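Working notes for the structure below.
Each chain gets a letter, A, B and so on, in the order the sequences are listed, and its residues count up from 1. All figures in this text were calculated on a predicted structure; none of them were measured in a lab. Only heavy atoms go into these numbers, but all of them, side chains included; no hydrogens, no water, no symmetry mates.
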Number of protein chains: 2
Amino acid sequence: MSAPENRRAPAPHPGLGFLPPALLECAQAVTLAAGEVLFRAGDRPERLYFVLDGELILVRVTRGGREVVLQRARSGFLAEASVESRRYHCDGVARRTSCACALPMGAFRKALAADAAFRAAWQKHLTGEIRRLRAQSERLALNSAAERIVHFIESEGEGGAIELRQSVKSWALDLGLTHEALYRALARLERGGEITRNGARVTLASRPRATSR
Amino acid sequence: MSAPENRRAPAPHPGLGFLPPALLECAQAVTLAAGEVLFRAGDRPERLYFVLDGELILVRVTRGGREVVLQRARSGFLAEASVESRRYHCDGVARRTSCACALPMGAFRKALAADAAFRAAWQKHLTGEIRRLRAQSERLALNSAAERIVHFIESEGEGGAIELRQSVKSWALDLGLTHEALYRALARLERGGEITRNGARVTLASRPRATSR
DNA sequence: CGTACTTTTGAATCGCATCAAATCTGGTGG
DNA sequence: CCACCAGATTTGATGCGATTCAAAAGTACG
């Protein structure tokens with residue numbers, strides 16, 4: 001408490017663990033108000049944002065006023081591609097009150113160029129995101145709530161079980177379902193013996209029920 | 001025909017353009033039969049596959065015999081993450097007769113380590129994939145065919161228009177729709193004046209119709 | 001000309017979204 | 001400790017849109 005308040009975050013978000021200390025040194029925690037604009041299309045990227053809490057979106061607004069959301073970050077980086085680009089192609093907006101970690105883009109690029117270990121870690125992070133996103137796309141293409149649930153547990157969980165880190169309601173967002181549909185599908189699966197629930201832990205039955213009965 | 005069959009591909013797929021010549025030298029064109037297994041979970045990655053035609057999938061098979069598709073590659077790399085990993089975590093299977101380009105993993109990693117330009121290009125490719133996949137996930141979370149179409153054109157096209165490189169039917173796969181639903185939605189949008197179609201070119205009307213009438 | 005595939009339209013069905021409302025929960029302040 | 005509030009959880013009823021099954025028409029290619 002007696003230490004100065006501008007001290008760097010002592011225990012950063014686990015997702016940021018691979019950042020080199022020098023980069024974490026210049027990281028800044030920022031609080032965004034709902035509706036606040038972080039950057040506009042055409043701006044030069046000056047910071048890379050890592051969402052800690054809330055929701056930041058990457059959105060393209062058309063001449064006709066249509067809004068197309070390109071990314072919805074509720075945890076993790078917003079617009080990784082801005083590292084590679086001299087200009088933003090979309091707007092960045094806080095959809096609700098949010099907390100993020102801002103990394104100066106110059107320092108980030110410099111660290112990437114200078115630090116081979118960091119480069120490797122960044123590359124690993126990128127391929128991991130690709131893997132997750134591909135799985136998510138396959139999941140969202142399934143057209144029943146039950147299939148999406150099973151797919152999620154199989155692809156994001158460990159050994160046919162998953163520990164939910166958030167409310168069921170926000171899980172519904174990830175699955176592209178309304179929370180009502182998810183609650184109902186979970187209840188149906190549990191009644192059918194296809195899953196069991198222990199608090200935040202959801203486990204798949206090892207042998208799926210045949211469609212009999 | 002008189003030339004040896006093991007000649008290297010003379011004009012590789014545009015998606016492979018960033019590969020250094022040395023790596024392209026040892027690329028092999030492979031033809032996979034429908035159902036053919038490329039690798040099993042637990043295998044050591046020996047080649048990185050780039051799909052030219054057909055469909056390769058990354059699939060996890062559970063003890064219960066459930067099949068969960070993690071990736072469906074109809075064009076582009078299969079399992080980029082295998083570059084970072086000593087073992088596959090899924091099976092790789094050709095879902096139908098397919099043609100792919102196989103890059104020896106050792107040479108690929110070696111080139112990554114030795115060639116800074118290639119490393120940068122690979123990183124750029126990875127971030128580009130992330131951008132595309134995030135947009136795709138947002139798109140698949142939309143629950144009307146019309147919204148997905150508009151989102152696709154806005155995010156994958158240029159200036160509110162897109163040149164389709166494939167049949168409408170296979171576009172439907174990307175949009176997570178049946179082909180019937182896509183045909184109907186396209187016809188409805190065209191009748192409503194929200195899009196126009198010129199052969200393979202689909203253009204958004206600049207000002208979206210108000211919901212009036 | 002025939003085959004395979006895409007494109008198109010039709011009709012019936014099913015599941016999810018939507019709107020509504022009740023219950024439960026954790027946390028706050030009186 | 002209890003009243004109260006915001007949010008999550010749960011259940012119900014209804015409508016819409018996509019899926020599904022079916023079939024016809026158009027198109028490319030040998």
Side-chain angles (χ1 to χ4, degrees), chain A residues 34 53-55 69 72 74-75 95-99 137-152 162-192 194-202 211, chain B residues 34 53-55 69 74 95-98 136-152 162-192 194-202 209 211 213:
Chain A
D53 187 57
E55 182 173 316
V69 176
R72 201 165 24 92
R74 294 185 296 121
S75 158
R95 188 171 261 183
R96 43 193 168 101
T97 307
S98 304
C99 186
S137 286
E138 295 302 328
R139 188 182 313 136
L140 290 172
L142 301 175
N143 40 26
S144 94
E147 284 177 301
R148 291 192 199 172
I149 292 169
V150 171
H151 189 290
F152 185 88
I162 195 164
E163 197 79 32
L164 295 179
R165 284 164 198 172
Q166 39 186 351
S167 67
V168 173
K169 198 172 174 181
S170 60
W171 187 20
L173 280 181
D174 294 330
L175 293 178
L177 297 169
T178 59
H179 62 276
E180 296 99 320
L182 178 53
Y183 283 124
R184 277 188 258 256
L186 281 173
R188 209 175 316 127
L189 285 172
E190 200 169 10
R191 274 199 306 275
E194 308 188 52
I195 64 170
T196 55
R197 282 211 272 172
N198 270 351
R201 188 170 190 76
V202 185
T211 28
Chain B
D53 187 58
E55 182 173 316
V69 176
R74 293 186 298 121
R95 190 172 260 184
R96 42 193 168 100
T97 307
S98 305
Q136 185 176 29
S137 286
E138 295 302 330
R139 187 182 313 137
L140 290 172
L142 301 174
N143 40 26
S144 92
E147 284 178 301
R148 291 192 200 172
I149 291 169
V150 171
H151 189 290
F152 186 88
I162 193 163
E163 197 79 30
L164 295 179
R165 285 166 199 172
Q166 40 185 351
S167 67
V168 173
K169 197 173 174 180
S170 60
W171 187 20
L173 281 180
D174 293 330
L175 292 177
L177 297 170
T178 59
H179 62 276
E180 295 100 321
L182 177 54
Y183 283 123
R184 278 188 258 255
L186 281 173
R188 210 177 314 128
L189 285 172
E190 202 169 9
R191 274 199 305 275
E194 308 187 52
I195 64 171
T196 55
R197 280 210 272 173
N198 269 350
R201 188 170 190 77
V202 185
R209 291 298 163 99
T211 28
R213 213 181 48 100

So, taking the atom named CZ in B/Arg165 and the one named OG in B/Ser170, what distance separates them when rounded to the nearest 0.5 Å? 12.5 Å
To the nearest 0.5 Å, tell me how far B/Arg201 CZ sits from B/Ile195 CD1. 13.0 Å
Roughly how many Å is it from CD in B/Glu190 to C1' in C/dT8, rounded to a whole number? 13 Å
Scan A/Ser167 against the nucleic acid and name what it touches under 4.0 Å (heavy atoms): base, sugar-phosphate only, or nothing. sugar-phosphate
In this structure, how many angstroms lie between the P atom of C/dG15 and the CZ atom of A/Arg148, rounded? 14 Å
Are A/Ser144 and C/dG15 close enough that a side-chain N or O sits under 4.0 Å from OP1 or OP2? no
List the atom of B/Ala34, the atom of B/Arg95, and the distance in Å for their closest heavy-atom pair. CB-O, 4.1 Å
Quickly work out the B/Leu142 CG to C/dC16 P distance and round it to whole Å. 18 Å
Relative to the 5' end of DNA chain C, which residue comes earlier, A/Leu177 or B/Arg197, by the nucleotide with the nearest heavy atom? B/Arg197
What is the distance, to the nearest angstrom, from the CD atom on A/Glu180 to the C1' atom on C/dA22? 13 Å
Please classify the nucleic acid contact of B/Ala185 as base, sugar-phosphate, or nothing, using heavy-atom distances under 4.0 Å. nothing
First and last nucleotide of DNA chain D in contact with chain B, 5' to 3', at under 4.0 Å to a heavy atom: what are they? D/dA18 to D/dA22
Is a donor on one side and an acceptor on the other found under 3.5 Å between the side chain of A/His151 and the backbone of B/Val69? yes
In whole Å, I'd like the distance from the OH atom of A/Tyr183 to the C1' atom of C/dA20. 16 Å
Hey, could you give me the CH2/CD1 distance between B/Trp171 and B/Ile149, rounded to the nearest 0.5 Å? 5.5 Å
Rounded to the nearest Å, what distance is computed from the CG atom of residue A/Asn143 to the C1' atom of nucleotide C/dT13? 14 Å
Approximate separation, where rounding is to 0.5 Å, of A/Arg72 CZ and B/Glu138 CD: 4.5 Å
Length of the NE2-C1' vector between A/His179 and C/dC19, whole Å: 11 Å
Interatomic distance where NZ belongs to B/Lys169 and C1' belongs to C/dC5 [whole Å]: 7 Å
So if I take every side-chain heavy atom of B/Arg184 and compare against C/dG10, C/dT8, C/dT18, which nucleotide ends up nearest? C/dG10
Could you give the side-chain donor-acceptor pairs of residues 174-189 of chain A under 3.5 Å, partners two or more places apart or in another chain?
unit_1, atom_1, unit_2, atom_2, d
A/Asp174, OD1, A/Arg74, NH2, 2.4
A/Asp174, OD2, A/Arg74, NH2, 3.2
A/Asp174, OD2, A/Gln166, NE2, 3.0
A/Thr178, OG1, A/Ala181, N, 3.2

